[in-house]
Engineer: 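A single structure is presented below for examination.
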Amino acid sequence: MAKTAEYNFKTIETHWQNYWEEAKTFHAVTDSKRAKYWILDMFPYPSGAGLHVGHIEGYTATDILGRYKKAQGFNVLHPMGWDAFGLPAEQHAIATGLHPAINTKNNVDNFRRQMKRVGLGIDWEREINTTDPEYFRWTQWIFLQLFKHGLAYVDQKPVWWCPKLGTVLANEEVIDGKSERGHYPVERKALRQWVLKITAYGDKLLKGLEHLDWPDATKRQQKLWIGRSEGGLVKFNLEQGQSLEVFTTRPDTLLGVSFIALAPEHPLLKCIVTEDQQKAVSDYITQVASKSDLERTDLAKGKSGVFTGSYALHPITQERIPIWVADYVLMYHGTGAVMGVPAHDSRDYEFAQMYHLPIKQVIASNDDSTLPFCKTDGTLVNSQKFTGLTCEAANKAILTELESLGCGKTMVQYKLHDWLFSRQRYWGEPFPIVWVKKSDYAKLLACKDSPFREFLPEEAISYSEGNETFCAVPLTSQHLPLELPKVSSYKPAEGSTTPLQNAEKTWLNVRLNIHTGELCPEDGTTSEGWISGMRETNTMPQWAGSCWYYLRYLSPHYKQNFVAKEDVAYWGTPDLYVGGAEHAVLHLLYARFWHNFLFDLGLLPTNEPFRKLFHPGIILGPDGNKMSKSLGNVVNPNEVMDEYGADSLRLYEMFLGPLEASKPWNLQNVEGVFRFLKKVWREYINLDGEISAKIQAGFHDTPAFEQLLHETISKVTEAIENLRFNTAIAQLMIFMNGFQKEATVSLDSAKKFLQLLAPFAPHIAEELWSRLGENASIIEASWPKFDPNKCVRSELKIVVQVNGKVRDEIYVNADTEKNAILEAAKQAPKAARYLQSSTIVKEIYVPGKLVNFVVKP
RNA sequence: GCUUGAGUGGUGAAAUUGGCAAACACGCCAGACUUAGGAUCUGGUGCCGCGAGGUUUAAGGGUUCGAGUCCCUUCUCAAGCACCA
């Protein structure tokens, strides 16, 4: 390349980006002899809008760390991929008729090009894409493992349905009664859906959190989301014979029960409402049903309810307890019924007051017993033989009593629900499942060596329609990947719910040979060993592919398994995971679930995927609001790169503020970092395009400059380790200001500075490095070593305070004794003025820093 | 409402265990070099005051020789949760 005199970032940046690609600078190879460092970014959804400034913030941060670790001698793995299934590509397909794969490929190409333009040191040979059949082959395979082990099932319970998106959503995807994507209203609807039994991992997911180096807020959020609560299940017999169960965390308050409240959706209501209450109850249920869930859970409104006319019998006292229906009881939590203890639960108290139900205090405390008394640090009163026990003791005693009466047991309840795992979309992984009639399933069960037994669960997964029961047959490894069929439309047809039902009949209806494992389109013929079935037409949610993508980076081309044993043995799990906090109870929970599960199968060496997690803050629009199209405050990073270059963009984003802070985009500051880079260039390259004469090989730097260099090495190193890139850049600027003031600087120091700069502004660093005569990439050179001896000062500055106020400063030799320093401090002219007419009552000396005289007038 | 964070110049922000508040940068002011400056360099820039000096980390109180940092109260903002029995 021509050695220009100007800082021509365009030429430089293109040149070094090509160099890294050709030299495979960032290609990582499994090498058990070297220490590894694996940095993981949350992979992006390749949207049509291209890379935005938030992506660049996180990816630059990890790139800086990766380049730094590489210079430190680590075998660094910094891969990238695409979370490419999802709604926008599908909507684009609906609008244009173009297959989503085409749109996805264009977007991916654009994202990759932009990432290269930012200068990210990515190992592109490990690029993965969740929509690649060779990738989702293993997503489907892991699903089948879950299926085989009884962790995937179908259910008809009411689920969140979003009419606008035309699909069901998981609990975690519903925020304040609206869809996470698009903020559309959702409603409850009963549909047959696939569900993953994440609750089976509730305890493991909770316990596993303890040892993770994650932001506290994120751990707390997951903990609350899992919402483990211990308590008891209490059975109340009804007067007329049936029984109902309630879950309670407070068995100690059992003797204070004065009513029972059922959720309006509770199935028992159909048969227990007495005749004279029939109309009131049904009117009430209709009224509640017309409200959205949001309205129902709105705290601003009071509680309401209606008496059913029926009574339950208290399991211990045999008292008659009225049964009510009340909207504050939620069907989807616990048993959908609660025991009302007004004296010790604020909601029950409010309800009892409103309907004049008895309030029986059964717990009292010495210092405060105003009702409702909801704390658990009291003792029991009015509770027969349990009176006098502490709450804790009573919880156990009452549960034991209930158990012996056969109407109670201890129980752990989770707020976490099983994970709704199917979507009514086209652009997702098809389920490798075929539904067959129960009678045909029996044939399969009878065939002991059927290939279809590979993923067959112990208990059949089935659903009924009319008089027929259908059972789920898992495809075998041989059938994977099950690719998406061509469809006539990406929208569900009238009367159907899924787009895949638009596929050819030859895809939808198939025949299986239970002996050979063969699978072919249905042709209406029957012969021995063949059974007929229908494909599952739901697809998996976008979270599926992101549940295990990080593992695929380790063996992206491996055919025999989702990851190669030797690769995962070497790389383990990421040393650092960087990505947005918005996935706290979505991706970060789901991926932990899958990883824990795969660990339990013995397929992974560790149970937790992400030991260390960091959330970069959101970059806000210039107006301080979240960037959004509707506010028109979305900024385009390309414009900055056009005008100032990628190195400036990187420095700018890192210099905006602490990485974890939300901070507004403030383009004025880009000038500062651009000037800094121009200054670096000018100091190294003279007007003829040659190395500046100021940089001299073999020159001995002044001690002060050497000290500045080593302070800079120390501060930059520490700042990178702690991801405090803004302060690292400030220190680089301080160094450069000092550099500028020197008449001559050693070649050695000039090189060391470039090495410190290289992770942040890699293009200019590489360019100057090579102009200084180096042949290899700057990142191959080992990171400068900090020498504390260079920073030892012979003279110390001691601040002199009087009564805590700074009055003067003195300079002393580093080896001066304490008493001599105190004496010198007293002599300091400005300080002496304040000491003259007073008596010193105390002298404080902080070694090497300050002296404080406490005086009295 | 509950939980958890945070609040420092005109702006983005710095500040090891409590030890010189405002580093670095933007902006602004003045100057130098220039035909020119959106290039570059030099100096200044928290607030009050001509000055000596005083004063300042949301507000108030406390602990301490000493508090941006620790404790208490209040206010504001952000995030999360929101009838979870």
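Below, chains carry the letters A, B, ... as their sequence lines are ordered, and counting in each starts from 1.
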Engineer: Which nucleotide in the set B:rU40, B:rG53, B:rC81 lies at the smallest distance from any side-chain heavy atom of A:Tyr834?
Structural biologist: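 Nearest listed nucleotide: B:rG53.
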Engineer: Quick check for you: among B:rU42, B:rC20, B:rG27, whose closest atom lies nearest to any side-chain atom of A:Gln801?
Structural biologist: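 In terms of side-chain proximity for A:Gln801, the closest of B:rU42, B:rC20, B:rG27 is B:rC20.
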Engineer: What is the base-pairing partner of B:rU35, counting Watson-Crick and G-U wobble geometry with both distances under 3.5 Å?
Structural biologist: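 Base-paired to nothing in any strand shown.
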Engineer: Spell out yes or no: do the side chain of A:Asn852 and the base of B:rC65 have one donor N/O and one acceptor N/O closer than 3.5 Å?
Structural biologist: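 A donor-acceptor contact between them is present.
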Engineer: For A:Gln740, does the CD atom have more than 12 heavy-atom neighbours from other residues, nucleotides or ligands under 6.0 Å away?
Structural biologist: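 Counting neighbours around CD of A:Gln740, more than 12 heavy atoms of other residues, nucleotides or ligands fall under 6.0 Å, so yes.
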Engineer: Do A:Tyr201 and A:Arg592 touch side chain to side chain, with heavy atoms closer than 4.5 Å?
Structural biologist: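 When only atoms from C-beta onward are counted, A:Arg592 and A:Tyr201 do not touch, as no gap falls below 4.5 Å.
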Engineer: For B:rC41, take OP1 and OP2 only and decide whether either is under 4.0 Å from a side-chain N or O of A:Gln740.
Structural biologist: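 Affirmative; the distance criterion is met.
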Engineer: Below 4.0 angstrom from OP1 or OP2 of B:rG27, is there any side-chain N or O of A:Asn666?
Structural biologist: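 So the side-chain polar atoms of A:Asn666 never come under 4.0 Å of the phosphate oxygens OP1 or OP2 of B:rG27.
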Engineer: Syn or anti for B:rG9? Use the chi torsion, O4'-C1'-N9-C4 for purines and O4'-C1'-N1-C2 for pyrimidines, with syn inside 90° of 0.
Structural biologist: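 Chi for B:rG9 falls in the syn range.
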Engineer: Can you tell me which nucleotide in B:rC24, B:rC20, B:rG80 comes closest to the side chain of A:Asn737?
Structural biologist: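 Nearest to the side-chain atoms of A:Asn737, counting from C-beta on, is B:rC24.
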Engineer: Return yes if some donor-acceptor pair links the side-chain N/O of A:Trp160 with the main-chain N/O of A:Lys178 below 3.5 Å, else return no.
Structural biologist: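 Absent.
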Engineer: Between B:rG31 and B:rG37, how far apart are the two P atoms, rounded to whole Å?
Structural biologist: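 About 13 Å, rounded to a whole number of Å.
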Engineer: May I have the distance from A:Glu718 (atom CD) to B:rA15 (atom P), rounded to whole angstrom?
Structural biologist: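 The distance from CD of A:Glu718 to P of B:rA15 comes to 11 Å, rounded to the nearest Å.
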Engineer: For the side chain of A:Ile734, starting at C-beta, report the closest nucleotide among B:rC41, B:rC20, B:rC24.
Structural biologist: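 Output: B:rC24.
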Engineer: Mind telling me whether A:Phe753 and A:Phe735 have parallel, tilted or perpendicular rings, with 30° and 60° as the class edges?
Structural biologist: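 If you compare the ring of A:Phe735 with that of A:Phe753, the planes turn out parallel.
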Engineer: When the C1' atoms of B:rA67 and B:rG61 are compared, how many Å lie between them, rounded to an integer?
Structural biologist: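 To the nearest whole Å, 14 Å.
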Engineer: Rounded off to whole Å, could you give me the CG-to-P distance for the A:Leu850 and B:rA15 pair?
Structural biologist: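 Checked: the CG to P distance equals 20 Å.
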Engineer: Quick one: A:Lys849 NZ to B:rC20 P, roughly how many Å, whole number?
Structural biologist: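 It works out to 7 Å between those atoms.
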Engineer: Which nucleotide, B:rU40, B:rG12, B:rC83, lies nearest any side-chain atom of A:Tyr328?
Structural biologist: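 Per side-chain heavy atoms of A:Tyr328, the pick is B:rC83.
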Engineer: In whole angstrom, give me the gap between the C1' atoms of B:rG18 and B:rC65.
Structural biologist: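 One C1' to the other, the span is 12 Å.
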Engineer: Heavy atoms from C-beta onward define the side chain here; which of B:rG53, B:rA13, B:rG27 lies closest to that of A:Lys663?
Structural biologist: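 The closest nucleotide is B:rA13.
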Engineer: Now, which nucleotide makes the Watson-Crick or G-U wobble pair with B:rC50, with each of the two distances under 3.5 Å?
Structural biologist: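 WC or wobble partner does not exist here.
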Engineer: Verify whether the ring centers belonging to A:Phe655 and A:Phe760 lie closer than 6.0 Å.
Structural biologist: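 No, they do not, as the ring centres are separated by 6.0 Å or more.
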Engineer: Given B:rC41, B:rG54, B:rA85, identify the nucleotide with an atom nearest to the side chain of A:Arg807.
Structural biologist: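 So the nucleotide nearest the side chain must be B:rG54.
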Engineer: Just name whichever nucleotide pairs with B:rU69, Watson-Crick or G-U, keeping both distances under 3.5 Å, else none.
Structural biologist: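 The base-pairing partner of B:rU69, which may sit in any strand shown, does not exist here.
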Engineer: Counting any heavy atom closer than 4.0 Å, what does A:Pro658 reach on the DNA or RNA strands: base, sugar-phosphate only, or nothing?
Structural biologist: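 Since only primed, P, OP1 and OP2 atoms lie under 4.0 Å of A:Pro658, the category is sugar-phosphate.
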Engineer: Determine the Euclidean distance between corresponding P atoms of B:rU45 and B:rG51; express it in Å to zero decimal places.
Structural biologist: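 Each nucleotide's P atom is 12 Å from the other's.
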Engineer: Any strand is fair game: report the nucleotide pairing with B:rA58 by Watson-Crick or G-U wobble, both distances under 3.5 Å, or none.
Structural biologist: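 Pairing partner: B:rU74.
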Engineer: Tell me: CZ of A:Phe725 to P of B:rG12, nearest whole Å?
Structural biologist: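 These atoms are roughly 22 Å apart.
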Engineer: Report the base-pairing partner of B:rA14 (Watson-Crick or G-U wobble, both distances below 3.5 angstrom), or none.
Structural biologist: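 Its partner is none (no Watson-Crick or G-U wobble pair with both distances under 3.5 Å).
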Engineer: Both distances below 3.5 Å, Watson-Crick or wobble geometry, any strand: find the nucleotide opposite B:rU45.
Structural biologist: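 Answer to the pairing question: B:rG27, which forms a Watson-Crick or G-U pair with B:rU45.
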Engineer: Does A:Gln221 reach a base, just sugar-phosphate, or nothing at all? Heavy atoms under 4.0 Å.
Structural biologist: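 Sugar-phosphate contact only - A:Gln221 comes under 4.0 Å of backbone atoms but never of a base.
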Engineer: Does A:Tyr328 have A:Lys303 sitting over its ring (NZ/CZ under 6.0 Å from centre, angle to axis within 45°)?
Structural biologist: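 Here A:Lys303 passes the 6.0 Å and 45° test against A:Tyr328.
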Engineer: Taking atom types as modelled and ignoring hydrogens, do the side chains of A:Glu172 and A:Trp225 form a donor-acceptor contact shorter than 3.5 angstrom?
Structural biologist: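 Looking only at side-chain atoms, A:Trp225 and A:Glu172 do form a donor-acceptor pair, the distance falling under 3.5 Å.
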Engineer: Is it the case that B:rC83 (base atoms only) and A:Lys303 (side chain only) share a donor and an acceptor within less than 3.5 Å, ignoring hydrogens and angles?
Structural biologist: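 When only heavy-atom distances are counted, A:Lys303 does reach the base of B:rC83 through a donor-acceptor pair under 3.5 Å.
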Engineer: Can you tell me if the side-chain N/O atoms of A:Lys678 get under 4.0 Å from OP1 or OP2 in B:rU40?
Structural biologist: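 Checking A:Lys678 against B:rU40: at least one side-chain N or O falls below 4.0 Å of OP1 or OP2.
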Engineer: Among B:rC83, B:rA85, B:rC24, which nucleotide has an atom closest to any side-chain atom of A:Asp327?
Structural biologist: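 Nearest to the side-chain atoms of A:Asp327, counting from C-beta on, is B:rC83.
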Engineer: Can you see whether A:Tyr332 has A:Arg188 sitting over its ring - NZ or CZ less than 6.0 Å from the centre and within 45° of the normal?
Structural biologist: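 Yes; both conditions hold, so A:Arg188 lies above the ring face of A:Tyr332.
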Engineer: Give a yes/no answer on whether the side chain of A:Lys415 brings an N or O atom under 4.0 Å of OP1 or OP2 in B:rA82.
Structural biologist: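 So the side chain of A:Lys415 is within the cut-off, an N or O lying under 4.0 Å from OP1 or OP2 of B:rA82.
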Engineer: Between B:rG19, B:rC26, B:rC81, spot the one nearest the side chain of A:Ile844, thanks.
Structural biologist: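 For the A:Ile844 side chain, the nearest candidate turns out to be B:rG19.
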Engineer: Identify whether any heavy atom of A:Val338 sits under 4.0 Å from a base atom; if not, whether one sits that close to sugar-phosphate; answer base, sugar-phosphate or nothing.
Structural biologist: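 A:Val338: base contact, heavy atoms under 4.0 Å.
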Engineer: If you pin A:Glu643 and A:Thr727 to their nearest nucleotides in RNA chain B, which one's is more 5'?
Structural biologist: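 By nearest-heavy-atom nucleotide position, the 5'-most residue is A:Thr727.
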Engineer: Would you kindly say whether A:Ser229 and A:Gln413 are connected by a side-chain donor-acceptor distance under 3.5 Å?
Structural biologist: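 Per modelled atom types, A:Ser229 and A:Gln413 side chains form no pair under 3.5 Å.
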Engineer: Between A:Leu732 (CG) and B:rA25 (P), how many Å, whole number?
Structural biologist: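 My rounded result for the distance is 12 Å.
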Engineer: B:rG7 and B:rC70: how far apart are their P atoms, nearest whole angstrom?
Structural biologist: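 B:rG7 and B:rC70 have their P atoms separated by 10 Å.
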Engineer: Hey, does the side chain of A:Lys842 come within less than 4.0 Å of B:rC65's phosphate (OP1/OP2), counting only N and O?
Structural biologist: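 The answer is yes; a side-chain N or O of A:Lys842 sits under 4.0 Å from OP1 or OP2.
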Engineer: Check every atom of B:rC81, B:rA85, B:rC24 against the side chain of A:Trp225 and return the nucleotide holding the closest atom.
Structural biologist: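 Given the options B:rC81, B:rA85, B:rC24, the side chain of A:Trp225 is closest to B:rC81.
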Engineer: Expressed as a whole number of Å, how far does the C1' atom of B:rU3 sit from that of B:rA82?
Structural biologist: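 B:rU3 and B:rA82 have their C1' atoms separated by 11 Å.
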Engineer: Please tell me whether A:Phe351 and A:Phe259 form a close aromatic pair, meaning their ring centres lie under 6.0 Å apart.
Structural biologist: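 Yes, they do, as the ring centres are separated by less than 6.0 Å.
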Engineer: Could you measure between the two P atoms, the one in B:rU74 and the one in B:rC24, and give it in whole Å?
Structural biologist: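 B:rU74 and B:rC24 have their P atoms separated by 40 Å.
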Engineer: Would you say B:rA79 has OP1 or OP2 under 4.0 Å from some side-chain N or O of A:Arg220?
Structural biologist: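 Checking A:Arg220 against B:rA79: no side-chain N or O falls below 4.0 Å of OP1 or OP2.
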Engineer: Distance check needed: B:rA78 P versus A:His615 NE2, whole Å only.
Structural biologist: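 Rounded to the whole Å, the gap is 20 Å.
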Engineer: Within this structure, what is the OH-to-P distance between A:Tyr349 and B:rC83, rounded to whole angstrom?
Structural biologist: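 Answer to the nearest Å: 22 Å.
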Engineer: Mind checking the C1' distance from B:rA22 to B:rG44? Whole angstroms is fine.
Structural biologist: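 Between the two C1' atoms, the distance is 16 Å.
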Engineer: So, is A:Arg724 near the phosphate of B:rA23, with a side-chain N or O under 4.0 Å from OP1 or OP2?
Structural biologist: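 Result: no.
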Engineer: Would you kindly give the CG-to-P distance between A:Leu620 and B:rG12, to the nearest whole Å?
Structural biologist: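 Those two atoms, CG and P, are 12 Å apart.
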Engineer: Pick the closest RNA chain B nucleotide for A:Asn669 and for A:Lys805 by heavy atoms, then say which residue is nearer the 5' end.
Structural biologist: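 Mapping each residue to its closest nucleotide by heavy atoms, the 5'-most match is A:Asn669.
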Engineer: What contact category does A:Thr335 fall into here, base, sugar-phosphate, or nothing, at under 4.0 angstrom with non-hydrogen atoms?
Structural biologist: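 Nothing: the residue A:Thr335, judged by heavy atoms under 4.0 Å, touches no strand.
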Engineer: Please give the nucleotide sitting opposite B:rG1 as a Watson-Crick or G-U wobble pair, both distances under 3.5 Å, or none.
Structural biologist: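 Answer to the pairing question: B:rC81, which forms a Watson-Crick or G-U pair with B:rG1.
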